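Since the structure is predicted, the reported quantities are computational estimates derived from the model, not experimental observations. All residue numbers in this chain count up from 1 along the given sequence.
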Amino acid sequence: VLLLVYVGYLGLGAGVLQALERPAEVQAAQRLLQQHWELLANHTCLQGPALQQLIQGIIQAYKSGITLQGNTTSLGRWDFSGSFFFSISAITTIGYGNLSPSTAAGRIFCILFALFGIPLNLVLLNEIGQLMLLGVQHCAHRLEEVFHWQKKASLLIKTCALVTGLLLFLLLPPLLFSDKEGWSYEEGFYYSFITLSTIGFGDYVIGMNPDRTYPGWYKNVISLWILFGMAWLALVIKFCISFLE
């Protein structure tokens, strides 16, 4: 029965997503094809295969973190802050997919780094989650002693912890992303949940817009936000698992 519910839930998700996203995909494909033929028609000196090769080169370069800016190229995804953020996304298993090692040595190192880093990250997240849980339980115990509440204190503190976590990790960060990335609040909220849940689609990633200048503290603060936010969301998901079971 559980397996049927699981498969049914996946089928429901697939059906809804197909209905919502398929028309936009078809329109985007038609628009791209139209722009391609208009470019060839308006610039007869261009050859189809050569243009296709250039497009493929641009796509490959973008995946490596290189973008064209006029007559120059922009670098910076593999500087120390960018590499540090990639390391965070690797051992937290977020894996945005917008950036990946392109050398054989880099890929081998990434495998070894993740092999030991993922267990280390899980241990750290578990410790942070336990500290958060102990803090909530301690506050509830203090309220019980001071006000002689029993079940009310525990419910009140858990509700406060949930609301505080929502504010710190899901509701307030999109305001920062709107300021630094130029995203809408909905896009920032979507990025926050997709990141902290380790889904990591990679359609939105911070610090990757070559047209924007980011402060030095930005990626470091976001790395801490990811670490503590994942620990908080793991507690929420753990509660949901207990409820479902």
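Counting non-hydrogen atoms of neighbouring residues, nucleotides and ligands closer than 6.0 angstrom, the CH2 atom of W37 reaches no more than 12 such neighbours. In this structure, R22 places its CZ atom where only 12 or fewer heavy-atom neighbours from other residues, nucleotides or ligands lie under 6.0 Å away.
Other residues sharing a hydrophobic cluster with L131 under the 4.5 Å side-chain heavy-atom criterion for ILVMFWY residues do not exist; the residue is a singleton.
Residues meeting the ring-ring contact (aromatic ring centres under 6.0 Å, His included) test with Y204, sequence neighbours left out: W183, Y190. Residues meeting the side chain to side chain contact (heavy atoms under 4.5 Å, CB included) test with L20, sequence neighbours left out: V16. Applying the side chain to side chain contact (heavy atoms under 4.5 Å, CB included) rule to L170 yields the partners L166, F189, S192, F193, L196, W232; only residues at least two apart in sequence or on another chain are considered.
Neither F84 nor L120 shares a network with the other; the hydrophobic side chains, linked directly or stepwise wherever heavy atoms of I, L, V, M, F, W or Y lie under 4.5 Å apart, form separate groups for each. Placement of L235 and I241 within a single hydrophobic cluster is found when ILVMFWY residues are connected by side-chain heavy-atom separations under 4.5 Å, directly or transitively. In terms of hydrophobic clustering, with Ile, Leu, Val, Met, Phe, Trp and Tyr side chains grouped at heavy-atom distances under 4.5 Å, F239 and L167 are assigned to different clusters. Under the 4.5 Å side-chain heavy-atom criterion for grouping Ile, Leu, Val, Met, Phe, Trp and Tyr, I91 is not connected to I108 through any hydrophobic cluster. In the hydrophobic clustering of ILVMFWY residues, with side-chain heavy atoms under 4.5 Å counting as a link, L122 and L124 come out apart.
Within the 4.5 Å cutoff, side-chain heavy atoms of T164 are placed close to those of L168. Within the 4.5 Å cutoff, no side-chain heavy atoms of Y191 are placed close to those of E181. In this structure, the side chains of S89 and F86 come closer than 4.5 Å at one or more pairs of heavy atoms. With contacts defined as side-chain heavy-atom distances shorter than 4.5 Å, the pair I118/T93 qualifies. Using a 4.5 Å heavy-atom cutoff, the side chains of Y214 and N209 are in contact. Contact annotation: the side chain of K180 approaches that of P215 to within less than 4.5 Å [non-hydrogen atoms, C-beta and beyond]. Contact check for M208 versus V205: side-chain heavy atoms found under the 4.5 Å cut-off.
Between the side chains of Q34 and E38, a donor-acceptor pair is found at a separation under 3.5 Å.
The CD atom of E187 sits 8.0 Å away from the OG atom of S178 when rounded to the nearest 0.5 Å. Taken from OH in Y96 to CD1 in I199, the straight-line distance is 11.5 Å, to the nearest 0.5 Å. The CZ atom of F243 lies 15.5 Å from the CD1 atom of I237; values are rounded to the nearest 0.5 Å. For the atom pair CZ (F177) and OG (S184), the distance works out to 12.5 Å, reported to the nearest 0.5 Å. Within the model, atoms CD of E245 and CG of L2 stand 9.5 Å from one another, a figure rounded to the nearest 0.5 Å. For the atom pair Q35 CD and L33 CG, the distance stands at 10.0 Å (nearest 0.5 Å).
The two residues Y185 and L171 make their nearest non-hydrogen contact at OH-O, 2.7 Å. Scanning all heavy atoms of the two residues, the minimum distance from A231 to G129 falls at CB-N, 4.1 Å. The two atoms that bring P101 and C110 nearest to each other are CG-CB, 4.1 Å, heavy atoms only.
The closest donor-acceptor contact from the side chain of Q27 to the backbone of A24 lies at 3.5 Å or more, if one exists at all.
Among residues at least two apart or in separate chains, ring-ring contact (aromatic ring centres under 6.0 Å, His included) pairs with a member in residues 110-134 are F109-F113.
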Side-chain atoms of residues 221-230: list all donor-acceptor pairs with protein atoms under 3.5 Å, sequence neighbours left out, distances to 0.1 Å.
unit_1: S223; atom_1: OG; unit_2: K219; atom_2: O; d: 2.8
unit_1: W225; atom_1: NE1; unit_2: F169; atom_2: O; d: 3.2

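The side-chain contact (heavy atoms from CB on, under 4.5 Å) test with S197 singles out one residue from I94, V236, L233, and that residue is L233.
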